[in-house]
Number of protein chains: 2
Amino acid sequence: MNQHLKGSLSTIILKLLHDNGRMYGYEITQKVKELTQDDIQITEGALYPILHKLEAEEVLTAELEKVDGRTRKYYKITPKGNAVAVDRIAELKAFAENLNLILNPKLSLS
Amino acid sequence: MNQHLKGSLSTIILKLLHDNGRMYGYEITQKVKELTQDDIQITEGALYPILHKLEAEEVLTAELEKVDGRTRKYYKITPKGNAVAVDRIAELKAFAENLNLILNPKLSLS
DNA sequence: TTTGGATGCATAAGAATATTATGTATGTTT
DNA sequence: AAACATACATAATATTCTTATGCATCCAAA
């Protein structure tokens with residue numbers, strides 16, 4: 001995993017679920033890979049504990065579903081969790097903007 | 001501190017030192033506050049251990065200087081550390097771009 | 001046909017990184 | 001005199017991720 005991802009991972013997961021409605025773990029890893037052109041690869045050891053934690057906090061709910069012989073665990077954001085998700089996503093957006101401010105500081109127009 | 005900052009903090013410090021040449025710890029915290037309009041406040045408990053670690057890795061060197069009665073510890077990037085700094089800054093830029101891709105996914109033009 | 005790779009979930013030990021609290025000290029403002 | 005800003009530092013704790021491992025199914029290649 002990209003070391004800079006640390007701290008932002010759970011919010012990225014919330015963002016994907018917020019956009020896509022319903023996803024399972026492996027699907028989330030593939031979606032992030034696709035969106036970032038293989039730049040960000042979420043490890044399973046990071047992913048699953050986050051999903052379990054968000055479920056325990058009742059931000060997410062899960063349903064098992066068997067597809068083509070394999071069991072998938074689909075997650076979605078709960079109504080209660082929606083406010084949390086929206087907040088964190090807004091914070092992540094602000095952080096991304098702050099990163100841009102730091103990485104591309106405006107030239108002083110003297 | 002913004003929770004999303006976790007993992008990016010050391011690279012942000014390297015970026016500021018790379019841009020500004022020579023800074024002391026407290027100055028770094030103030031510069032980040034200024035650039036981000038008070039959005040990001042670096043805590044001292046996070047800052048100083050990072051500076052010490054980068055110094056131990058010989059990415060930074062430090063010089064004590066007494067100014068107006070107070071001792072400042074000025075840091076700068078070593079020639080050897082420059083390559084590390086440039087790499088990490090490039091990775092952080094790539095991460096910021098990836099964040100934008102995730103946060104603002106392109107609409108599918110069907 | 002069996003081996004490897006992709007799909008799919010899970011957890012545990014350890015490392016890395018930050019929080020929170022605390023301590024010391026000087027200068028400036030109220 | 002007290003409060004606040006400047007300036008550095010560290011320790012205990014918490015959070016978050018890595019690395020390794022385990023289990024199981026499906027599909028393709030050898």
Side-chain angles (χ1 to χ4, degrees), chain A residues 1-14 16 22-34 38 40-57 59-75 84 88 91-92 95, chain B residues 1-14 16-17 22-34 38-57 59-75 84 88 91-92 95:
Chain A
M1 189 190 71
N2 186 311
Q3 81 131 316
H4 296 115
L5 189 53
K6 188 177 281 223
S8 301
L9 189 49
S10 65
T11 307
I12 288 172
I13 291 169
L14 289 177
L16 293 181
R22 184 178 140 90
M23 300 179 84
Y24 57 100
Y26 186 77
E27 184 184 11
I28 291 172
T29 67
Q30 298 309 300
K31 189 67 180 177
V32 169
K33 265 188 67 172
E34 177 200 325
D38 292 18
I40 295 181
Q41 316 247 4
I42 300 179
T43 60
E44 295 166 303
L47 174 71
Y48 292 114
I50 287 175
L51 289 173
H52 299 162
K53 186 172 180 244
L54 290 171
E55 193 183 357
E57 292 168 355
V59 171
L60 302 181
T61 44
E63 292 173 352
L64 294 175
E65 193 165 317
K66 199 153 193 171
V67 178
D68 295 329
R70 289 199 210 80
T71 301
R72 295 176 178 171
K73 194 163 172 184
Y74 276 94
Y75 290 89
V84 174
R88 291 202 196 155
E91 279 170 20
L92 185 56
F95 175 62
Chain B
M1 189 191 69
N2 185 312
Q3 82 131 318
H4 296 114
L5 188 54
K6 189 177 282 225
S8 302
L9 188 49
S10 64
T11 307
I12 287 172
I13 292 169
L14 290 177
L16 293 181
L17 287 168
R22 185 176 138 90
M23 301 179 84
Y24 58 100
Y26 186 78
E27 185 184 11
I28 291 171
T29 67
Q30 299 308 302
K31 188 69 180 176
V32 169
K33 265 188 67 172
E34 177 201 324
D38 292 18
D39 236 29
I40 294 181
Q41 317 246 3
I42 299 179
T43 61
E44 295 165 302
L47 174 71
Y48 292 114
I50 287 174
L51 289 172
H52 299 162
K53 186 174 180 241
L54 290 171
E55 193 184 358
E57 292 169 354
V59 172
L60 303 180
T61 45
E63 291 173 352
L64 294 175
E65 192 165 317
K66 198 153 196 172
V67 179
D68 296 328
R70 289 197 210 83
T71 300
R72 295 176 178 173
K73 194 164 172 185
Y74 277 94
Y75 290 89
V84 174
R88 291 203 195 155
E91 279 170 21
L92 185 57
F95 174 62

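Chain naming here is simple, since letters A, B, ... match the order of the sequence lines and numbering starts at 1 in each. Please read these numbers as outputs of a predicted model, since none were measured by experiment.
Taking side-chain N and O atoms only, B:Tyr48 has a distance below 4.0 Å to OP1 or OP2 of D:dC8. At C:dG8, none of the side-chain N or O atoms of A:Thr71 fall inside 4.0 Å of OP1 or OP2 (strictly under the cut-off). Contact annotation: B:Lys6 does not reach the phosphate of D:dC17 (side-chain N/O to OP1 or OP2, under 4.0 Å). OP1 or OP2 of D:dT15 has not a single side-chain nitrogen or oxygen of A:Lys53 nearer than 4.0 Å. OP1 or OP2 of C:dC9 has not a single side-chain nitrogen or oxygen of A:His52 nearer than 4.0 Å.
In this structure, CG of A:Leu51 is placed 11 Å from P of C:dT11, rounded to the nearest angstrom. Distance, B:Gln3 CD to C:dA16 P: 21 Å, rounded to whole Å. When rounded to the nearest whole Å, the span between NZ of B:Lys31 and C1' of D:dA7 equals 19 Å. Between the P atom of C:dC9 and the CD atom of A:Glu55 lies a distance of 12 Å, rounded to the nearest Å. Rounding to whole angstrom units, CG of residue B:Leu9 and P of D:dC17 are separated by 15 Å. For B:Tyr24 and D:dA7, the OH to P distance is 4 Å, given to the nearest whole Å. Atom pair B:Leu54:CG and C:dT17:C1' shows a separation of 13 Å (rounding to whole Å applied). Rounded to an integer number of Å, the gap from B:His4 NE2 to D:dT15 C1' is 14 Å.
Residue A:Lys66 is out of contact with every strand shown, counting any heavy-atom pair closer than 4.0 Å. Within the 4.0 angstrom heavy-atom criterion, base atoms lie near B:Gly45.
Annotation: the span from B:Thr29 atom OG1 to B:Met23 atom CE amounts to 9.0 Å, rounded to 0.5 Å.
Looking only at distances, a side-chain donor or acceptor of B:Glu27 sits under 3.5 Å from a matching main-chain atom of B:Tyr24.
Along DNA chain C, the nucleotide nearest to A:Pro49 and the one nearest to A:Arg72 differ in position, and the one closer to the 5' end is contacted by A:Arg72. Comparing A:Ser8 and A:Asp68 along DNA chain D, the residue whose closest nucleotide (by nearest heavy atom) sits nearer the 5' end is A:Ser8. When the nearest nucleotides of DNA chain D are assigned to B:Arg70 and B:Tyr75 by heavy-atom distance, the more 5′-ward of the two goes with B:Arg70.
Below the 3.5 angstrom threshold, one finds a donor paired with an acceptor across the side chain of A:Glu44 and the base of C:dC9.
Of the charged side-chain nitrogens involved, at least one lies within less than 4.0 Å of a carboxylate oxygen, so that A:Glu65 and A:Arg22 count as a salt-bridged pair. Ion pair B:Glu34/B:Lys31 flagged as a salt bridge, since at least one NZ, NE, NH1 or NH2 atom sits closer than 4.0 Å to an Asp/Glu carboxylate oxygen.
Closest approach of A:Gly25 and A:Leu51 over heavy atoms only: CA-CD1, 4.1 Å.
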